[in-house]
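Everything on this sheet refers to the single structure shown next.
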Amino acid sequence: MGRSWDCMGDCPDMHSYMSRCHSCRVHSGCFMVYDQANYMGNAYFMRRGDYGDYMNMFGWNSWIRSCRFIPMYRGNYRMRIYERDNFGGQMYEFMDDCDSIMDRYHMNSCMSCNVMDGHWLMYEHANYRGRMWYFGPGEYRNFMNMGWGNMRFMSMRRIMDSWY
């Protein structure tokens, strides 16, 4: 209800379009929404659907401040995760979802990654629970320098074309 604004792609700061965004409708595609400008703060993945009261649904005490469009991808998925920053320590390569890197590889920390193919969601807890972050193709050398503090990722899943 109230004023609306149509977003077709990335928006680093919605404040110039509307002072507060408390709900949204995704007509097509997938988006990550954030409670701070410049894709920072709490994040949530949204696919096609209505999100009328996301604040209660996600437990946020703020509003949507920025959003990032996730392009559809149909191909192979490949990502390498590293135990330490700057691609140091143990390395493991993923081509499919992993519900627990601790159970699968006895790895209790992931501090950098290289996404070669596809788009991924990484979660702070096993079984795709807790806070989540979006990773598109690229090198992510140090999660601490990305404003996430001492964040640990314990599970990851591919954003598949069936989600659109």
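Residues take their numbers from the sequence shown, with the count starting at 1. Worth knowing before you read on, the calculation uses all heavy atoms, side chains too, and leaves out hydrogens, waters and symmetry mates.
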* I would like to know whether Phe143 and Phe153 meet side chain to side chain contact (heavy atoms under 4.5 Å, CB included); could you show each step before the answer? => CA-CA 10 Å; Phe143 296 155; Phe153 298 105; 3.1 Å; yes

* Stepwise side chain to side chain donor-acceptor pair (under 3.5 Å) check, Asp35 with Asn42 -> CA-CA 6 Å; Asp35 67 353; Asn42 293 310; 3.0 Å; yes

* To do: Walk me through it: do Arg158 and Met79 pass the test side chain to side chain contact (heavy atoms under 4.5 Å, CB included)?
  => CA-CA 10 Å; Arg158 300 161 293 163; Met79 173 175 56; over 6 Å; no

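Between Cys67 and Val33, the shortest heavy-atom distance links the atoms CB-CG1, 4.0 Å. Residues Arg65 and Gln36 come closest through the heavy atom pair CB-C, 3.4 Å. When all heavy atoms of His119 and Pro137 are compared, the closest pair comes out as CE1-CD, 3.6 Å. Counting all heavy atoms, side chain and backbone alike, Ser112 lies closest to Arg141 at CB-O, 3.3 Å. Residues Tyr77 and Met160 come closest through the heavy atom pair OH-CA, 3.6 Å. In terms of heavy-atom proximity, Val115 sits nearest to Phe135 at CG2-CB, 3.9 Å.
Two different hydrophobic clusters hold Met95 and Ile81 under the rule that ILVMFWY side chains link at heavy-atom gaps under 4.5 Å. Follow the hydrophobic side-chain contacts under 4.5 Å out from Ile70 and you reach Phe31 in the same cluster. Cluster annotation: Met72 is not connected to Met116 through the hydrophobic network of ILVMFWY side chains, with a link wherever side-chain heavy atoms come within less than 4.5 Å. By the rule that hydrophobic residues join a cluster once side-chain heavy atoms approach within less than 4.5 Å of another member, Phe69 and Ile64 end up as members of one cluster.
Put simply, the side chain of Asp10 never gets that close to the backbone of Arg68: no donor and acceptor are under 3.5 Å apart.
A distance of 6.0 Å or more separates the ring centres of Tyr39 and Tyr134. Here the two rings, on Tyr128 and Phe45, have centers that are 6.0 Å apart or farther.
Taking the side-chain hydrogen bond (donor to acceptor under 3.5 Å, both in side chains) definition, one finds that Gln90 meets it with nothing, sequence neighbours left out. Residues passing the side-chain hydrogen bond (donor to acceptor under 3.5 Å, both in side chains) test with Asp85, sequence neighbours excluded: Asn142. Applying the ring pair (Phe, Tyr, Trp, His ring centres under 6.0 Å) test to Tyr92 and every residue at least two apart in sequence or in another chain returns Tyr105.
Distance check: Cys24 SG to Met14 CE gives 7.5 Å after rounding to the nearest 0.5 Å. Atom CD1 of Ile159 sits about 10.0 Å away from atom CH2 of Trp120, to the nearest 0.5 Å. The CZ atom of Arg47 lies 7.0 Å from the SG atom of Cys30; values are rounded to the nearest 0.5 Å. With rounding to the nearest 0.5 Å, the separation of OG in Ser100 from CE in Met107 is 11.5 Å. Remark: Cys110 SG to Met122 CE distance equals 4.0 Å, nearest 0.5 Å. Phe94 CZ to Arg78 CZ: the interatomic distance, rounded to the nearest 0.5 Å, is 13.5 Å.
Enclosure of atom CG in Asn76 is not indicated, since only 12 or fewer non-hydrogen atoms of other residues, nucleotides or ligands lie within 6.0 angstrom.
At a threshold of 4.5 Å between non-hydrogen side-chain atoms, the residues Tyr34 and Met40 do not count as touching. For the pair Phe87/Glu139, a side-chain contact is recorded, criterion being any heavy-atom separation below 4.5 Å from C-beta on. Looking at Met154 and Tyr123, their side chains never come closer than 4.5 Å, going by heavy atoms from C-beta outward.
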